[in-house]
Amino acid sequence: MRLRNITGSREVIADSAYVVKEASLEECPGTWREIFGNSNPIHIEIGMGKGKFLHAMAKEHPEINYVGIEKYSSVLLRAIQKMEEEELPNLKFIRMDAEDITKVFGKGEVDRIYLNFSDPWPKDRHAKRRLPSRQFLARYDIILKRDGQLEFKTDNRELFDFAVEELEPAGWKARAISYDLHKDEALMVGNIMTEYEEKFSSMGNPICKYIIYR
Ligand code: SAM
């Protein structure tokens, strides 16, 4: 998702209390308890987009701290606007490229990772930019606690097949796999639809989901 450049979005982000300041990101590893002021588990969404999913999750689970990561200012701005309408103490945002994720979270500091409708990067030579690629799984392996899990949803069957093939070489295992999430009663318990999930499921596209661990 890339919205038209919105004038002033960088300034709004720099001033927002909901966004962890870019200048202080490298001081974050090991300090997330202090940032939230409690020792609740930390769940992150990488490639959060406008933040609909994470905002709803944070509202429903005040006992969990959520961090949304988004590369583009113009998109993150929408998540900030939603927080201005309904502030939640257990939700923070970071504007960054997830390639640097290990510089922001310490070893095993994250309890759960969500990837929702990640960009497909269809060209083979761009495979390592895909968020469920083995290169990204190696980064998640560092920040995710030993018994933590990662959940991935997409309607893109090619990307999903690629993601499933990456598991074994990267040392991860599937706890659950569905090729039609919305017809899977067990996996649908507590499911919160993302913005893209609403859009593509309303067009009749089946949604794929896996839950993985190592
Ligand atoms: N997760 C949302 C949903 O399901 O509705 C948004 C999906 S959108 C297709 C993918 C989002 O991931 C975009 O907003 C894009 O900017 C962001 N993104 C892609 N690669 C990223 C990266 N390397 N680091 C941070 N954000 C990234």
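Everything numeric in this text was worked out from a predicted model, so none of it was measured. Only this structure's heavy atoms are used, side chains among them; waters, hydrogens and symmetry mates stay out. Order of appearance sets the numbers: ligands from 1, and atoms from 1 within every ligand.
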Next item on the list: Determine, for Phe160 and Arg157, whether the Lys NZ or Arg CZ falls below 6.0 Å from the six-membered ring centre while staying within 45 degrees of the axis.
Entry: no

Note to self: Can you see whether Trp172 has Arg214 sitting over its ring - NZ or CZ less than 6.0 Å from the centre and within 45° of the normal?
What the structure shows: yes

Next item on the list: Report the part of Met48 in contact with ligand 1, treating N, CA, C, O as backbone and CB onward as side chain, heavy atoms under 4.0 Å; options are side chain, backbone, both, neither.
Entry: backbone

Margin query: Out of all atoms in ligand 1, which are within 4.0 Å of some heavy atom of Glu195? Include the element for each.
Written below: 5 (O)

Notebook entry, point to check: Would Ile42 and Leu54 show up in the same hydrophobic cluster when neighbours are defined by side-chain heavy atoms closer than 4.5 Å?
Noted result: no

Margin query: Regarding ligand 1, does Asp97 bring an N or O atom to under 3.5 Å of one of the ligand's N or O atoms?
Written below: yes

Notebook entry, point to check: Below 4.0 Å from any atom of ligand 1, is there a heavy atom belonging to Glu99?
Noted result: no

Notebook entry, point to check: Relative to Phe162, does Arg130 satisfy both conditions: NZ or CZ under 6.0 angstrom from the six-membered ring centre, and within 45 degrees of the ring's axis?
Noted result: yes

Check: Between Arg95 and Lys71, is there a donor-acceptor pair closer than 3.5 Å when you use the side chain of the first and the backbone of the second?
Finding: yes

Checklist line | Short N or O distance, Thr194 and ligand 1, threshold 3.5 Å exclusive | finding: yes

Notebook entry, point to check: What is the ring orientation for His61 with Tyr66, classed by angle as parallel under 30°, tilted 30 to 60°, or perpendicular over 60°?
Noted result: tilted

Checklist line | Options Phe200, Phe53, Phe117, Phe136, ranked by nearest heavy atom to atom 7 (C) of ligand 1, top entry | finding: Phe117

Notebook entry, point to check: By number and element, which atoms of ligand 1 are closer than 4.0 Å to a non-hydrogen atom of Tyr72?
Noted result: 16 (O)

Notebook entry, point to check: If we only count N/O pairs under 3.5 Å, is Val75 in contact with ligand 1?
Noted result: no

Checklist line | Worked verdict on Glu109 versus Arg33 for salt bridge (Lys or Arg N to Asp or Glu O under 4.0 Å) | finding: CA-CA 10 Å; Glu109 201 171 14; Arg33 288 180 171 195; over 6 Å; no

Margin query: With a cutoff of 4.0 Å, is Met96 in contact with ligand 1, counting heavy atoms of the residue only?
Written below: yes

Check: Counting both backbone and side chain atoms, is some N or O of Tyr196 under 3.5 Å from an N or O of ligand 1?
Finding: yes

Item checked: Leu150 vs Leu115 side-chain heavy atoms within contact, under 4.5 Å -> yes

Check: Of the choices Lys71, Glu45, Arg95, which has the non-hydrogen atom that lies closest to atom 27 (C) of ligand 1?
Finding: Lys71

Item checked: contact_flag Ile46 ligand 1 heavy-atom lt 4.0 Å -> no

